[in-house]
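Every number for a ligand or one of its atoms is a count from 1 in the order of the listing.
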Amino acid sequence: MSQYPILETILSPADLRKIPLEKLPQVCNEIRDYIIDTLAGIGGHFASNLGAIELTVALHYVLETPEDKLIWDVGHQTYPHKILTGRREELKTVRKFNGLSGFPKREESEYDLYNTGHAGTSISQVLGEACARDLLGLNHKVVGVIGDASIATGMSLEAMNHGGHIRPNSLVLLNDNYMSISKNVGSISNYLNALISSQIYHTWKKYSFRFLQWIPLIGPALMSFAHKAEKSFKHFMMPGGLFEDLGFSYIGPVDGHDVIGLVKILKKSLQLEGPVILHAITQKGKGYSPAEKDPIKYHGVTPFNRTDGAMAPSDSTKIGFSKIVGNVLMDLTKKNQNISVITPAMIEGSGLKEYSEKFPKNLFDVGIAEQHAVAFAGALASGGSIPFLCIYSTFLTRGMDQLVEDVSLMNLPVRIVIDRAGVVGADGETHQGLSDLGYLLGLPNMSVLAPSKGQDIIDGLCFMEKFESGPIAIRFPKDSIPIQDCNFTQPNSIEVGKFRKLSDGSDIGILSIGSILSVSMATKQLLEDAGKSVKLIDLFWLRPLDLNALEEELSGVKSFVILDESYVDMGASGYLLNHFQPKTLQKFLKTYALPPEPILHGERVQILKHYNLDPATITKSILSF
Ligand SMILES: Cc1ncc(C[n+]2csc(CCOP(=O)(O)OP(=O)(O)O)c2C)c(N)n1
């Protein structure tokens, strides 16, 4: 007998809708087992998916997807959705090269409306879809799903501000599990918690259920009256209801794991006029006790033991670059309490867990709020603190305007610590860190360091603490080095603008930018094997740069290339070439970088090879000139 007897009959949501309502809990159980079994073998986003199973089943059961539009926020919680939309078997390939994306992807399925990955986009997309439907005179339903952390993003608040004003028929299901990746923070999170815990509200909840049950009987003519009555009741019971005041009908909180209850409340909610927020309470990691107990650890998993949840321990002889950052910032803060560290909801990923425990006053987790994080860091600098903004390359893009207007133009000494720069691997196209150099190197006043090894990060951060003359960014990939190679106690001093010559030669020069150094070194070796003499230069300091010295070095080679782990037009080569003299430019052959197209997911090495950035292909290309 199959382990997934019902699930195997579901090849699309249409099959799900043929299943009797009372069997839906079993569907959910099978999906849960399937996800646990599959991810135990391959890893992936885990706890959020387990929490979103019932709501996903209920949504596909009630909606006529794909005609009705179902829109996801972030999209790391869409494994149940992928399973129900014909991708059950392929889930075994999720996040692998040539396998399913870990996020919704339009190219993958007609049920994936948007390629998502960054938080806070769904309410804007719900409103856009609903307005397009109304303009075209169509009548399908439009529903979005958003988490309690993502609903507090600037984008979501902007969208609600607009949505409550234009009020198209639409529904936003708020999937509230109290958690971001870490524990959710901020006043909106507090507000949601108060909604859930307040006794008054539980009374209202009972009442609202009864109220909604009347709706089919009272008919359309009474709907608007009923809506007003509902609203005034809520105002009486819960004065100043945030969502109501913003123009959304608020329903909830409801149990987000009661799939039958969800189906019923969804059907009724979808009959309401205007935009509706349905607030469902879920548990991250639901149904798998190690993940329920430690949802932070199980947010994303490596392969684990199904029985006890144990994951392979990380190599204790190595230290990750993010952890290096955390350690250096702790050392610096011990000596200087003026330091502040800002993270937009990425304490764990940015290596700041221990820092947050040891220096809670100096650490600001601002939530998923990159725009605010950048401007806030600028003001911390202006006010006399020494701010280190720790942020992933992919998320810094959201704070781009603030980086220009609120930091760079005013020359405020914000220290920007950019993690996950370069090819990110399994997260794929929405998370690639391939554009930061392109804008950082063009901004007024900005200094830029691109470490090629872990010690550079230690040296760089210590240097940056004392660097008062303007904003400065350091960018590095997700990587690790042997702990014994780290010198935390006596960092090397850094000279502004200096590059490193790693080998001398007269045939070919390689200008290597930061994280791609290992590829550059292997390429050098292959070129030398082919009889060429190679000058390899590691451009750790990118801006300002000692251009005279660099051009002097390049005068000694016949030709040179640039290797850069960025989009080719958003990396360092444009900046370098724009500043070289014509006689240097004559020697330039090519920039080896990522093409300006969405870059696939997979292991970094596979991705580099796929885009012809492996040493053998680069060498062949250089020799062909
Ligand atoms: C703009 C942006 N910043 C940061 C992240 C990293 N991130 C991925 S999931 C997540 C937490 C999302 O929490 P929530 O919206 O409550 O959804 P849940 O995982 O709890 O379902 C964060 C911060 C992101 N995806 N996008």
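The protein non-hydrogen atom at the shortest distance from atom 3 (N) of ligand 1 is Glu370 OE2, 2.7 Å. Looking at atom 10 (C) of ligand 1, its nearest protein heavy atom turns out to be Ile181 CG1, 3.6 Å. Looking at atom 15 (O) of ligand 1, its nearest protein heavy atom turns out to be Ser150 OG, 2.6 Å. Ranking protein heavy atoms by distance to atom 26 (N) of ligand 1, first place goes to Ala119 N, 2.9 Å. Of the protein's non-hydrogen atoms, the one nearest atom 21 (O) of ligand 1 is Asn177 ND2, 3.5 Å. Protein heavy atom closest to atom 25 (N) of ligand 1, with residue, atom name and distance, is Gly117 O, 2.9 Å. Scanning the protein for heavy atoms near atom 17 (O) of ligand 1, the closest one is Gly147 CA, 3.9 Å. With hydrogens left out, the protein atom closest to atom 5 (C) of ligand 1 is Phe395 CZ, 3.2 Å, a heavy atom.
Short contacts between ligand 1 and His118, defined as distances under 4.0 Å to a heavy atom of the residue, involve ligand atoms 25 (N), 26 (N). Every atom of ligand 1 with a heavy atom of Asp148 under 4.0 Å away is listed here by number and element: 16 (O). Near Ala149, the atoms of ligand 1 lying under 4.0 angstrom from a non-hydrogen atom of the residue are 13 (O), 14 (P), 15 (O), 16 (O). Applying the 4.0 Å criterion to heavy atoms of Ile368 picks out, from ligand 1, the atoms 1 (C), 2 (C), 3 (N), 4 (C), 23 (C). Counting atoms of ligand 1 from 1 in the listed order, those under 4.0 Å from a heavy atom of Arg398 are 1 (C).
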| field | Test side-chain contact (heavy atoms from CB on, under 4.5 Å) applied to Leu192 and Tyr178, step by step | value | CA-CA 8 Å; Leu192 294 175; Tyr178 314 89; over 6 Å; no
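Checked against the 6.0 Å centroid criterion, the rings of Phe103 and His431 qualify as a close aromatic pair. Taking the six-membered ring wherever Trp is involved, the centroid distance between the rings of Tyr355 and Phe388 does not fall below 6.0 Å. The distance between the ring centers of His299 and His76 falls below 6.0 angstrom.
Using a 4.0 Å cut-off between heavy atoms, Gln77 makes no contact with ligand 1 at all.
Every salt bridge (Lys or Arg N to Asp or Glu O under 4.0 Å) that Glu354 has, sequence neighbours left out, goes to Lys323, Lys358.
At a threshold of 4.0 Å, the pair Asp112-Arg87 counts as salt-bridged, since one of the basic side-chain nitrogens sits closer than that to a carboxylate oxygen. The existence of a salt bridge linking Arg475 and Asp419 is excluded, since no basic side-chain nitrogen approaches an acidic carboxylate oxygen closer than 4.0 Å.
Counting all heavy atoms, side chain and backbone alike, Pro80 lies closest to Ile53 at CG-CG1, 3.8 Å. The two residues Ile368 and Thr153 come nearest to each other via the heavy atoms O-CG2, 3.3 Å.
Between His76 and ligand 1, at least one pair of N/O atoms sits closer than 3.5 Å. Between Pro344 and ligand 1, a contact under 3.5 Å exists for no N or O pair.
The residue from Ser180, Gly349, Gly399, Ser156 that puts a heavy atom closest to atom 11 (C) of ligand 1 is Ser180.
When the shell of 6.0 Å around NE2 of His372 is examined, it contains more than 12 heavy atoms from other residues, nucleotides or ligands.
A distance of 10.5 Å separates CZ of Phe395 from OG1 of Thr343, quoted to the nearest 0.5 Å.
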